[in-house]
Amino acid sequence: MKSLLLCCLVILSTLINNSISKDAALETVSKHGKLAVQGTQLVDQSGQALQLKGMSLFWSVWMPQYWTPATIKSAHEGCHSNIVRAAMAVEYDGYLTDPSGQMQMVETVIEAAIANDIYVIADWHDWHGEQHLEQAKGFFDQVSKKYGGYPNLIIYETFNEPLDIDWSSVVKPYHQEIIKVIRANDPDNLILLGSPHYDQELDQVLADPITGQTNIMYTLHFYPVDTKQWLRDRIQNVINNGIPIFISEYGTCAGTGNGTIDAAETALWYQWLDQNQLSYVNWAISDKDESASVAIAGTPDTMICQDAYLSESGRIVVPQNKK
Ligand SMILES: *[C@@H]1O[C@H](CO)[C@@H](O)[C@H](O)[C@H]1NC(C)=O
């Protein structure tokens, strides 16, 4: 009897442990609810570690044809994502000159993510955020007012990729201003923060992290042709010292978005990401003639991530989202 009980307990605990599928498409908002950061780990409403895996849209101003509800449905079901990133352009005729048009595009994506039961990142997709603080505050105030009430859904990314500017004197104060604006409307949804040199200088963050805040993570971006073991070593040290990391963008190629695809180095990255239970979002849902695009030229939004329309990169990324 005792051994029977023990056996049942073992089976039960195995079932519980396996209740998170490797297929991100099954790990939806309705299943996991509110996100939080515990230590360095992203966790769900029950405190269980959760990995988000998914796709970033391409710059809103250059790939508007994929900022549609059909694309978001495809991202979930076809690309096996439980997260999508709305990379809203700021410069290049983006938010700075057309705030209402850009906001409308972001809202379309957020509402499609709600309908498709997946998480969504509102991304201030800017390389010069420190020059656009007031506009960014306006954007995040609006988004957090409107969507902060969905306790389980919206993720804010305050500054896509700072360039070679100083963390402590420039980037950190910028984030602190934006955090203040968001937290006035939304006390606890996840906020993602960029760091200098395209989200790779996390050592500067480690030396001077933002304190007194909850549910914030720092973004790492990597492109395997340029960034290899040395960057994994750097970030592992940062994580081991208590800094929570979220990969809001990665590619399978170089940071230029084009050229060789490095499948072997990408596999090393995936192994490291999964070991550390990190979340990762692929760049990008695009059919542009460059290596980083997930789709071949002319792919309709309804066909994103369908086998016949996958690029070389897409054939690496989509299976990974199910692994
Ligand atoms: C990417 O590289 C390919 C092959 O060299 C080239 O044909 C294509 O035009 C490049 N794409 C862009 C956007 O430059």
Side-chain angles (χ1 to χ4, degrees), residues 54-68 70-72 74-75 78-79 81 84-98 101-102 105-106 109 121 123-129 157 159-164 194 197-200 219-228 231 247-270 280-321:
M55 299 301 304
S56 179
L57 296 178
F58 197 82
W59 298 80
S60 51
V61 288
W62 290 317
M63 250 339 124
Q65 68 270 32
Y66 293 128
W67 286 60
T68 63
T71 305
I72 305 311
S74 304
C79 314
S81 304
V84 68
R85 176 178 186 239
M88 184 198 70
V90 174
E91 300 182 302
Y92 316 112
D93 298 326
Y95 188 88
L96 295 183
T97 47
D98 183 19
Q102 290 296 310
M105 291 180 77
V106 170
V109 169
I121 301 174
D123 166 28
W124 185 257
H125 204 72
D126 196 354
W127 282 318
H128 305 103
E157 183 172 359
F159 189 159
N160 164 46
E161 289 179 348
L163 302 183
D164 291 316
H197 197 77
Y198 310 96
D199 303 330
Q200 293 172 8
T219 54
L220 163 68
H221 288 184
F222 72 84
Y223 285 84
V225 168
D226 307 325
T227 53
K228 299 176 191 285
L231 186 57
I247 292 81
S248 60
E249 188 183 307
Y250 78 93
T252 58
C253 55
T256 59
N258 210 3
T260 317
I261 285 181
D262 192 338
E265 191 67 31
T266 303
L268 293 175
W269 273 102
Y270 284 144
Y280 44 94
V281 178
N282 177 248
W283 183 264
I285 291 185
S286 163
D287 71 343
K288 190 178 166 187
D289 179 21
E290 63 180 21
S291 315
S293 302
V294 79
I296 58 172
T299 301
D301 59 358
T302 51
M303 290 294 145
I304 287 290
C305 288
Q306 296 302 311
D307 285 346
Y309 293 88
L310 283 176
S311 66
E312 185 184 352
S313 182
R315 291 194 297 273
I316 294 172
V317 169
V318 174
Q320 180 64 26
N321 287 346

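All ligand and atom numbering here is 1-based and tracks the order in the structure.
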* So, for atom 12 (C) of ligand 1, does the protein have a heavy atom nearer than 4.0 Å? -> yes
One finds that the ligand 1 atoms under 4.0 Å from a non-hydrogen atom of K288 are 13 (C)
Of all protein heavy atoms, the one nearest atom 14 (O) of ligand 1 is N258 ND2, 3.7 Å
Taking every heavy atom of M63 against every heavy atom of I285, the minimum-distance pair comes out as CG-O, 4.1 Å
Are D262 and K228 within salt-bridge range, i.e. N to O under 4.0 Å?
yes
For atom 7 (O) of ligand 1, the closest protein heavy atom turns out to be D289 OD2, 3.6 Å
Give me the ring orientation class for F222 and W269: parallel if the planes are under 30° apart, tilted from 30 to 60°, perpendicular past 60°.
parallel
Checking contacts now, so for atom 5 (O) of ligand 1, which I'm interested in, is there any protein heavy atom under 4.0 Å? no
* With under 30° as parallel and over 60° as perpendicular, where do the rings of Y270 and Y280 fit, or are they tilted in between? -> tilted
Notebook entry, point to check: Where does the angle between the aromatic ring planes of W283 and H125 fall among parallel (under 30°), tilted (30 to 60°) and perpendicular (over 60°)?
Noted result: parallel
